[in-house]
Amino acid sequence: MVKLKVVSGLLAVVVYMVLSELAFLDYIQKMFHSPKNYGVEISRQNYMYEHYVDTHLTKGQNKSQNKEVLPLCPNTSPLLRGPINLTFPSELTLANVQQKYPQVELGGRYRPLDCEARHHTAIIIPHRDREHHLKFLLYYLHPFLQRQQLDYSIYVIHQAGNYTFNKARLMNAGVREALQEKEWECLFFHDVDLIPTDDRNIYVCGSHPKHAATAINKFGFKLPYDTYFGGVTAFTPDQYRTINGFPNNYWGWGCEDDDIGLRVYLAKMRVLRPSLEVGRYDMIKHGHDKGNTVNRLRSKYLVNALENWKRDGLNEDMYEVISWERLPLYTNITVNVGTPAGLHPPP
Ligand code: BGN
């Protein structure tokens, strides 16, 4: 039934394409701003608001072996503060941030000292030329995650070279690399310019993929459209494998997040969201980066996603590691993701 709807949705889109490119773009844009979208109907019920703490993945394990056995951390951290106001001190340097958080281990790893963490989360941040944003994100994210009493590590996946940015490829690379280090139970995909401002937005996974950035200042602290799935999202490794990771072929800005949202739907999963009160983020203002121009082909790729998602994703080898460094506040993994012509296109 869903297949039939998808096929008829696709047919409709193709007819639009033939009629006029402009009309097609208009059609896609409208699809995205209503719950009836992707040519298949996604009901509002597909998006569920969750309570502050989703303890779905809580396990009663206690892994301390040689060391003294610590009690499990409480279900709800007593350190949470709720909403905070951000400031961006101009004199702040990465070295200052490092000095402020001496308890963070090399590679940006942290575990609570007085209790055994219930949750183990890898934060994956795609990056290029945004050191200024990264500094402020690290400044706020480390204490935010520590107040949640998580066992976590921060991985910054840096795209080498000057070719157009490919965020989705960096995400797939980040997952593979992070999982080689530890069997993380939750993967958080985090835009570098988004700072969470309410620590009740717990960075743990749930029984469905999660969209954490529900209320960004840039969009007036509400969703820009019902099916928005950008900014900060989270998957368990199994959920991520089920959608075959992220698509590899979106070069430049836009739509890869819509594609992932579509994959979640096609894989018959739902989306968990914190409430608008809790899922709040401040976006650090910036213009479009030179190396991340708007992708004019994005809507066409999205239509192809319906037939490509099982073929194009995590299952393909689309990157190579150039360097892996454990820095004091994060693990810096630099990767070559090549160009549409391959990993090593002729010059
Ligand atoms: C949407 C973009 C998203 C982006 C949000 C918020 C597209 C699809 C057009 C068919 N989607 O419009 O990628 O995250 O805006 O900026 O452009």
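In listed order, ligands and their atoms are each counted from 1.
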Participant: Could you list the atoms of ligand 1 found under 4.0 angstrom from a heavy atom of F219?
Facilitator: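 Checking each atom against F219, I get 6 (C), 16 (O).
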Participant: Taking only non-hydrogen atoms of C255, do any sit less than 4.0 angstrom from ligand 1?
Facilitator: yes
Participant: Distance under 4.0 Å to a non-hydrogen atom of D258: what atoms of ligand 1 satisfy this?
Facilitator: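 That gives atoms 2 (C), 3 (C), 7 (C), 8 (C), 11 (N), 13 (O) of ligand 1.
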Participant: With a 4.0 Å cut-off, would you call R200 and E277 a salt bridge?
Facilitator: yes
Participant: At a 4.0 Å threshold, what atoms of ligand 1 neighbour a non-hydrogen atom of Y228?
Facilitator: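 Atoms satisfying the 4.0 Å criterion: 6 (C), 14 (O).
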Participant: Does D317 pair with R176 as a salt bridge, N-O distance under 4.0 Å?
Facilitator: yes
Participant: Tell me whether ligand 1 is touched by D257 - counting only heavy atoms on the residue side and a distance under 4.0 Å.
Facilitator: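 Yes, that is the case, since the closest heavy atom of the residue is under 4.0 Å from the ligand.
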Participant: For ligand 1, does E256 get within less than 4.0 Å through its side chain, its backbone, both, or neither, judged by non-hydrogen atoms?
Facilitator: neither
Participant: Should W253 be counted as touching ligand 1, given the test is an N or O pair under 3.5 Å?
Facilitator: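 For ligand 1, there is no N or O atom that lies under 3.5 Å from one belonging to W253.
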Participant: Looking at CZ of R273 and OG1 of T233, how far apart are the two atoms once the value is rounded to the nearest 0.5 Å?
Facilitator: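 These two atoms lie 11.5 Å from each other.
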Participant: Over 60° means perpendicular and under 30° means parallel, so classify the ring planes of H211 and F229, tilted if in between.
Facilitator: tilted
Participant: Run the salt-bridge test on R263 and D258 with the 4.0 Å N-O cut-off and return the result as yes or no.
Facilitator: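 Salt bridge: no.
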Participant: Is G254 in contact with ligand 1, taking contact as a heavy-atom separation below 4.0 Å?
Facilitator: yes
Participant: Salt-bridged, R81 to D198, with N to O below 4.0 Å?
Facilitator: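 Between D198 and R81 there is no salt bridge, as every charged N stays at least 4.0 Å from the carboxylate O atoms.
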